[in-house]
> 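Before I ask anything, here is the structure I am working with.
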Amino acid sequence: RSSYEIQVSGTSPLNLTPNTKNTLVGDLIPGNLYTFTIFAKAGNESIISDRRTLSSYTVPARVNNIIAFKENNNSLNVSWSPPEGNKSAYQIDVLGDHPQQFNVTAESVIITNLTSNFQYTVRISAVVGEYDQRRQGSSTDISVLLSDILSATNITITSVNLVWIQPQNIEDISYNITGFGDPSFIWSGSTEEALIENLTPGNQYVIHLSATSNNTVLYGYGEQISLYTIPAPVENVSIQSITTSSISLIWPIPAGNRSSYEIQVSGASALILNSDTKNATVDGLIPGNLYTLTIFTKAGNDSITSDGTTLSSYTVPAPVENVSIESITTSSISLVWPIPAGNRSSYELQVSGTSPLNLTPNTKNALVGDLIPGNLYTFTIFAKAGNESIISDRRTLSSYTVPARVNNIIAFKENNNSLKVSWSPPEGNKSAYQIDVLGDHPQQFNVTAESVIITNLTSNFQYTVRISAVVGEYDQRRQGSSTDISVLLSDILSATNITITSVNLVWIQPQNLEDISYNITGFGDPSFNWSGSTEEALIENLTPGNLYVIHLSATSNNTVLYGYGEQISLYTIPAPVENVSIESITTSSISLIWPIPAGNRSSYEIQVSGTSPLNLTPDTKNATVGGLIPGNLYTFTIFAKTGNDSIISDKTTLSGYTVPAPVENVSIESITTSSISLIWPIPAGNRSSYEIQVSGTSPLYLTPDTKNATVGGLIPGNLYTFTIFAKTGNDSIISDRTTLSSYTVPAPVENVSIETITTSSISLIWPIPAGNRSSYEIQVSGTSPLNLTPDTKKATVGGLIPGNLYTFTIFTKTGNDSIISNATTVSSYTVPARVNNIIVFKENNNSLKVSWSPPEGNKSAYQIYVLGDHPQQFNVTAESVIITNLTSNFQYTVRISAVVGEYDQRRQGSSTDISVLLSDILSATNITITSVNLVWFQPQNIEDISYNITGFGDPSFNWSGSTEEALIENLTPGNLYVIHLSATANNTVLYGYGEQISLYTIPAPVENVSIQSITTSSISLIWPIPAGNRSSYEIQVSGTSPLMLTPDTKSTTVGGLKPGNLYTFTIFTKAGNDSIISDRTTLSSYTVPASVENVTIENITTNSISLRWPTPDGNRSSYEIQVSGDPSRNFTLHSKNVTVDGLVPGNLYTFNIFAKTGDELISDMTTLSTYAVPATVENITVNNITSSSIYLTWPIPEGNRSSYEIQVSGTPSVNLTVYSESVLVGNLVPGNFYLVTIFAKSGNGLFSSGTDVSAYTEPECVKNFKVTNITLHSVALNWMAATGNITSYFIEVYRNANIYKQFNEESESVLIGDLYAGIQYTFIVCAMAGDNTVKGCRTEISAVTHSSSVTLALVYYATDGQREQNIMAQMNKLVSERFPNQNITAVWKQEKRIL
């Protein structure tokens, strides 16, 4: 390729060099989804490859400006500013005694179910994307502690922000805070908030709050809390050493204290270290893997953590082990190795004498070519990781290449029993030659020279002489391909080179005979005849592998030489077997096939490494070699034989692997949420590797002796199919596949919390776990399991017994529900049921016995409230209680509720009330809204008594009867009744017996309460007046004093509230002395948040406007900003400042800002308008300059503007306003320097950045330029000074239109010398300004220097016949040569000289 191109959505393309294999694309927006399209280019880059596309989100940026507000002892309101760039949600992690994790989309959250007086860390990070595209930004933490009065809303490394609740109805309060720790501290002040600084990181502080008013200690007010500052982070972490399975870190001990360190390692278990550690080795890592190590300190109960410090490194890749040589040729060596454990980015193979070879990370073999035959090569192989600077241990292997074949074999008969053979050395190197003599007495020996005499041969026997070059020794010995020659020696006739289709015959000449002719007759197929007078003949076109009988005879002078001659028999070499191919392969056999060679043969032989040779009949054209080992490499050498099988063809070699044995009896050894471990017995035979293909993941490659594997990086609860097979050779020969399927263990349900609890149900909620599942199962003690659909994230378990403790065991299931996750357990009581059948018995005038039926279900105790003149609260375990210390003739309400559990597990049931009044004789044991149950004492020793009860009230009533109990009904709620008891016996009034009591019926509750209006400081309620009477209403408002209202009120406004606060209103009616109250009605609402005021513009740029405002009074959940302009936009934020960017320069924008509460109540709107700064004027061009003006132009800047402001600095200075993109600045002084600054101006007078351009005006022309004197060699000039600022004058002197000289002169006159006499010169003068680079207009004048005559005395000796003109010509030539720059003409003047 010529290059790569990467196209990234929203950015410029990136062009890369052709050997690049990675790149970094920068300047991206955080949290954005980018699509990368990469392709290769060739030629002139108009030819491109197919495109490959990949998408990914960038990591979101960190959130900022976290603020925490206490809602109550168990909940916290946290808000923050959105991060730069984009996000789809925020992940909230609450670290503490009951960890929570959930996602929100807004920039605020109310976190509930916190434990009072426990320190929590709230961790917020932005997230984008889903599943494998999910990206999570760095987190921002805030540490808090909530308590009844004193809370810490922001705990940092060296400071803590404390807030507390002011005592009610007390003024002039001073607070004292004492902190016990190292260092201890004291703070005093009158505000309800304090920032304590300069604390020690990671230290425990016990903080005590007390208060005084008017110099008097407020006893009973105050609180003590205990907290830890955040430990200092670990900084300057560096890598000390790296191995294949470990990374060692070292760091300086941070300031302050800590309880421990934790190192989180991607893909490994966290490492916990003691507090004084300053180094650590993380081991058990995978070789060549990239690991991200996050180290942080912890304090307290380890739930308080510092910011994490992150460091990334690769482990050293595992070395390449068990490297072996797979095949060797004359010019190449093939190496093979099992893929090492772990990962790597590439391999490097260094070969002595060649360039290094870089290989892809999953390579497990390499062919090194272009080598020299017979050379020794050393191969060094190692793996590389990361940016290839991290390398494994090196592994070295040496081998010779196979020597090349010898050439040009020639055989000479020495005698009937010996032969001389010589040859040319092979290409490359060799250390010796191996000689094999095949025949009746085979021989084998080595020689180092290129010739050999072979002896001990049998006359008239055909031999094959085989020669091959060799190098090395022992297991490094390499033998080249052999070159054969076939011969037959005899007394007279011999064959010195027998080939497939020819034979070279030589013979001995008869002695002492001349003029000999030889005849050779060959009998075979085909037969042949040869005649000639030489003692050598080459017979060609014979049939391969054929038997020939050859007869030699001779004649001399046409006479047959009887007794001379010989007959020999020989075979031509059989044709080799060619085009052999592998027809089929099994685990124990390889079948070969080939076409039948030309000619004849007696048989074939197949030699197989490691087995006995296979002999085949001559017409065979295929063979199956069985009994082989699975997965083994076999080399087959096949050749044809003839004669007595000692004459063989050239050998054909073919290699092939048998199919490796399949992996059988694979079983699952263990399963986790992210991995499945397989195990199997090692199959028979050999293999180069195993491959495990897993649906949805990359294949896993294993070494040949492996018998188990763990496939990691899986998704919890997913079904995976594993296909495992053995491979051999170059991995193209694979065994039968074995398939096995299994689910991973589903991820457990974590962070289960209780959402709601009733008497018969408990609702659980949890975040959906990672991965998949087929269902959830919730096992509840004492009930049937509950099965839920896989996407459920909450459940209500009903049919429970009130007041019972239930343990919920929740886990996920997958597959056929036989694979289950780890169980998560959570326990809770149901709310106890309401007690029933309350019965009251008067013990005496000051005590009361109350009994009741136990509630349905269970309870551990009963809580008793006695409401009246002396309220009481206590617990009992029995279903009855005697209440003492009551006041006679005072009406009480007894409130009973069942309770179970303790501390955060405490559950209290709904209460049941009974109202009573005790007196001497007559008492009321159950007073309701419309009835009263009266009981009284019978007079002693009197019979036949009748009782009369008269009730005075509205309505009044009468009752008569003979029992000592009466139920009076249909009374008016909340009414006062005076009840009189009298009695008669035998129609006689029992004087002195009886009693009168006063009581109130219970007032009717307030129903159908609604909110009439809401302001920032008040909420108005309205309701219909309840039936009956009442003495007053009481409205209890969380965080304020109760409000008492007159009995006929049907609406009220609760004022003095804080803007944006959530208030709960509990309203009830009261009767009597206000101790008799109705059932309560509850209603909640937010006040309107306070409006955003005093908004100021903090900064304005060309494309952004920054606003800031003080925090309004009260609370709010967020701010809403509406931006009107081009472009318009709306957004929500949680900070008290905002930068609105992406604006158009110079545009007018209107900002509407209001606060919002949780239920979307909004404050009054605050409106502010301003312009963005106009864009800067750029690319100013100076179009024309004169002596008094400068003309400028520029392109229209981006955006809008109302005008341009031109500031001209110089003499004179000028300010101009123009409305177009050009300006002519006039009335300037010639030769002056001017700095022109141009600003764009918006409608409200905002200026852009100024752009400067500078220029000199041109100087004016000089005047009265004249020549004041001329000589032979000079001219004097002068002129009047030019107007304006002049730095010098530039003088140019021309002769014959060519510059003769030029220079600068500072005065208004000049004498120009070094001129030639009698020559016309032109003089030009112009004024100069600035640094002598700005010229004014040119003024010129011409003048001729004076000429002169010279008498030259010359003695000239002339012979007769020369003329006068010849003398003058010679004279002028001499003068012009001697004085080339002078205007001289020779004139003849004759003088007579007397000698």
Side-chain angles (χ1 to χ4, degrees), residues 68 70-78 89-106 108-125 127 139 141-146 301-303 716 746-771 773 775-781 783 785-798 800 803-812 821-831 900-908 1062 1158:
K70 173 185 173 183
E71 290 280 308
N72 55 47
N73 289 358
N74 307 107
S75 63
L76 185 73
N77 188 334
V78 184
Y90 300 97
Q91 179 173 304
I92 313 295
D93 289 276
V94 183
L95 309 180
D97 59 342
H98 299 298
Q100 302 179 45
Q101 184 183 85
F102 51 90
N103 285 359
V104 298
T105 55
S108 67
V109 64
I110 294 178
I111 301 170
T112 59
N113 297 322
L114 304 179
T115 301
S116 179
N117 228 340
F118 193 93
Q119 187 169 348
Y120 289 91
T121 297
V122 179
R123 179 164 290 159
I124 304 171
S125 52
V127 294
S139 62
D141 294 358
I142 190 168
S143 186
V144 297
L145 184 147
L146 304 180
N301 59 358
D302 286 354
S303 65
V749 181
E750 296 181 337
N751 302 318
V752 182
S753 60
I754 294 172
E755 191 174 28
T756 59
I757 306 173
T758 70
T759 56
S760 60
S761 68
I762 296 178
S763 294
L764 307 176
I765 190 167
W766 59 87
I768 294 179
R773 67 219 61 81
S775 65
Y776 297 94
E777 184 171 313
I778 300 180
Q779 294 176 349
V780 187
S781 49
T783 72
L786 191 66
N787 285 290
L788 307 171
T789 58
D791 292 327
T792 306
K793 54 183 177 180
K794 60 183 181 180
T796 297
V797 182
L800 304 181
N804 235 25
L805 177 62
Y806 287 94
T807 298
F808 302 89
T809 301
I810 183 169
F811 51 86
T812 51
S821 71
N822 291 335
T824 298
T825 300
V826 65
S827 296
S828 178
Y829 287 90
T830 46
V831 174
V900 290
E902 293 181 345
Y903 307 115
D904 59 345
Q905 280 280 25
R906 188 177 187 273
R907 305 285 180 260
Q908 183 171 350
L1062 176 64

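Quick caveat: nothing in here was measured; it's all calculated off a predicted structure.
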> Does any part of the side chain of L146, heavy atoms only, come nearer than 4.5 Å to the side chain of S116, both counted from C-beta?
no
> Rounded to the nearest 0.5 Å, how far apart are CH2 of W766 and OG1 of T812?
10.5 Å
> Hey, does V109 have a side-chain heavy atom less than 4.5 Å from the side chain of F102?
yes
> Check whether N74 reaches the backbone of L114 with its side chain - one donor and one acceptor, N or O, closer than 3.5 Å.
yes
> Does the side chain of P99 come within less than 4.5 Å of D93's, by heavy atoms?
no
> Which residue is it: V797, I762, T759? I am looking for the one with a side chain to side chain contact (heavy atoms under 4.5 Å, CB included) to T830.
I762
> May I ask you to test the D141-S139 pair for a side-chain heavy-atom distance under 4.5 Å?
yes
> Heavy atoms only: give me the nearest V831-Q908 pair and the separation to one decimal.
CG1-O, 3.6 Å
> For S761, check side-chain hydrogen bond (donor to acceptor under 3.5 Å, both in side chains) against everything at least two apart and list the hits.
T758
> What distance separates I142 CD1 from T121 OG1, expressed to the nearest 0.5 Å?
10.0 Å
> Search all heavy atoms of A68 against all heavy atoms of V144 and return the closest pair with its distance.
CB-CG1, 4.0 Å
> Taking Q100 for the side chain and T112 for the main chain, is one N or O donor matched with an acceptor at less than 3.5 Å?
yes
> Is it the case that the side chains of E750 and T824 hold a donor-acceptor pair, with the cut-off being a distance below 3.5 Å and no angle test?
no
> If I take atom OG1 from residue T809 and atom CD1 from residue I778, how far apart are they, to the nearest 0.5 angstrom?
10.0 Å
> To the nearest 0.5 Å, what is the distance between CD1 (I92) and CD (Q101)?
10.0 Å
> What is the minimum heavy-atom distance between Y90 and T105, and which atoms define it?
CE1-O, 3.8 Å
> Which distance, rounded to the nearest 0.5 Å, do you find between the CG of N822 and the CD1 of I810?
13.5 Å
